[in-house]
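As structure tokens, the structure follows; a few thoughts come after it.
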Amino acid sequence: MPELPEVETIVRMLAPHAAGKRIDAAELTLPRMLLGMPAREFAPALAGRAIERILRRGKYIVFELEGCALIIHLGMTGQLTWSPAEYAETPGFVRSITGLQRSKGVHPVDKHTHLILNLAGGERILFRDPRTFGKIFLVPGRAWPAHPRLSILGAEPLELKVKPFLKQAFPEDSARPVKALLLDQSFLAGVGNIYADEALFRSGIHPKTRSRDLRDGQRIALLEAVKAVLRKGIRNSGTSFSDYRKPDGSEGNNYERLKVYGRGGEPCRKCGSILSKSVVAQRGTVHCPECQPAPKRRK
DNA sequence: AATTCGCCCTGTCGGC
DNA sequence: TGCCGACAGGGCGAAT
């Protein structure tokens, strides 16, 4: 599922191709993915506007256009791909930045393509999302940070100064498991299930540990681990566990480098113990019973 | 007030 | 081979 490193990768790869281009026409083929306005008003609101900048906030992709912002959340299975003008539609193949390539879990326009941005010059940005958990919305002017979905977001983990954050934002008395805290977008923006499990492993913290029971040293270790696993994810251009693809249709390289996520029942890469799979905060969770010992009970 | 639960959705997989 | 239920989960609104 696209989390901060995946969204960051998409934004970085998309920006040089899309920034400065004008949207000739937009096609929204699944109206329920659009929030906050009637679907018939959407395409006319985009037509003719130039893309000035593309950026990321949490897991949201923000297209700053002339006079408004187009915001996309990829949900679980969303893909944003870019195709240049010169590649024809060819069944079984997909057009991409790197050329015409055989379709391998990557698709040209199909029944799961819900938004098409036709750029002046013939390039296209495609939003494809099989499970349709993604969201699309428009915010007038430059007020997108104040949109209800974005205004509730917490700190950007990679810009985080750990020490000040400790005092400011750590809920001192929370009984929630620390994994639930990591998944809470109002705590840190952009951490999802994959990188939460990876960060907990890296810092040696059991996912069920109550937030209030974390010692300061553990909190620092955890936040540093969050930053480290996110940076590693970006360096490897994202985790293609299932549907995530880069804008050119290719896969990220981080999945094979994960320590715990998706590895339940397999041996820990650090100590060899069998990794344990459970449910924490309503999410599938993998941890190492040796490297991440169960929290000591304290009254 | 803080947490948890139920729901949205569809491709994939295991069992029979 | 084919059918079917279970499962995956981000984020929101309802329930506890």
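Chain letters run A, B, ... following the sequence lines, proteins first and then strands; every chain starts at 1. The figures here come from the full heavy-atom set of this structure, side chains too, leaving out hydrogens, waters and symmetry mates.
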Is there a side-chain contact between [X] and the phosphate of [N], meaning an N or O under 4.0 Å from OP1 or OP2?
X	N	answer
H112(A)	dT10(B)	no
Y261(A)	dA8(C)	no
K111(A)	dG11(B)	yes
K59(A)	dG11(C)	yes
Q185(A)	dG11(C)	yes

Original post:
Nearest of dG10(C), dC12(C), dT10(B) to any side-chain atom of R131(A)?
Top reply: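 Nearest listed nucleotide: dT10(B).
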
Original post:
Any idea which of dT3(B), dC12(C), dG9(C) is nearest the F133(A) side chain?
Top reply: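 Of dT3(B), dC12(C), dG9(C), dG9(C) is nearest to the side chain of F133(A).
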
One thing to verify: whether [Y] and [X] come together as a salt bridge, which I'm taking to mean a side-chain N less than 4.0 angstrom from a carboxylate O.
X	Y	result
R12(A)	E8(A)	yes
R202(A)	E224(A)	no
R245(A)	E251(A)	yes

Original post:
Does a distance-only test, which skips hydrogens and angles, find a donor-acceptor pair under 3.5 Å between the side chain of R149(A) and the base of dG11(C)?
Top reply: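 No, the side chain and the base share no sub-3.5 Å donor-acceptor pair.
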
**OP:** Could you say whether R283(A) or A180(A) is positioned toward the 5' end of DNA chain B, judged by the nucleotide with the nearest heavy atom to each?
**Re:** A180(A)

**OP:** Compute the ring centroids of H147(A) and F137(A), then answer whether they are less than 6.0 Å apart.
**Re:**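 Judged by ring-centre distance (under 6.0 Å), H147(A) and F137(A) do meet the cut-off.
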
Original post:
Which is true for M76(A) with a 4.0 Å heavy-atom rule: it touches a base, it touches only sugar-phosphate, or it touches nothing?
Top reply: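 Base: the residue M76(A), judged by heavy atoms under 4.0 Å, touches a nucleobase.
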
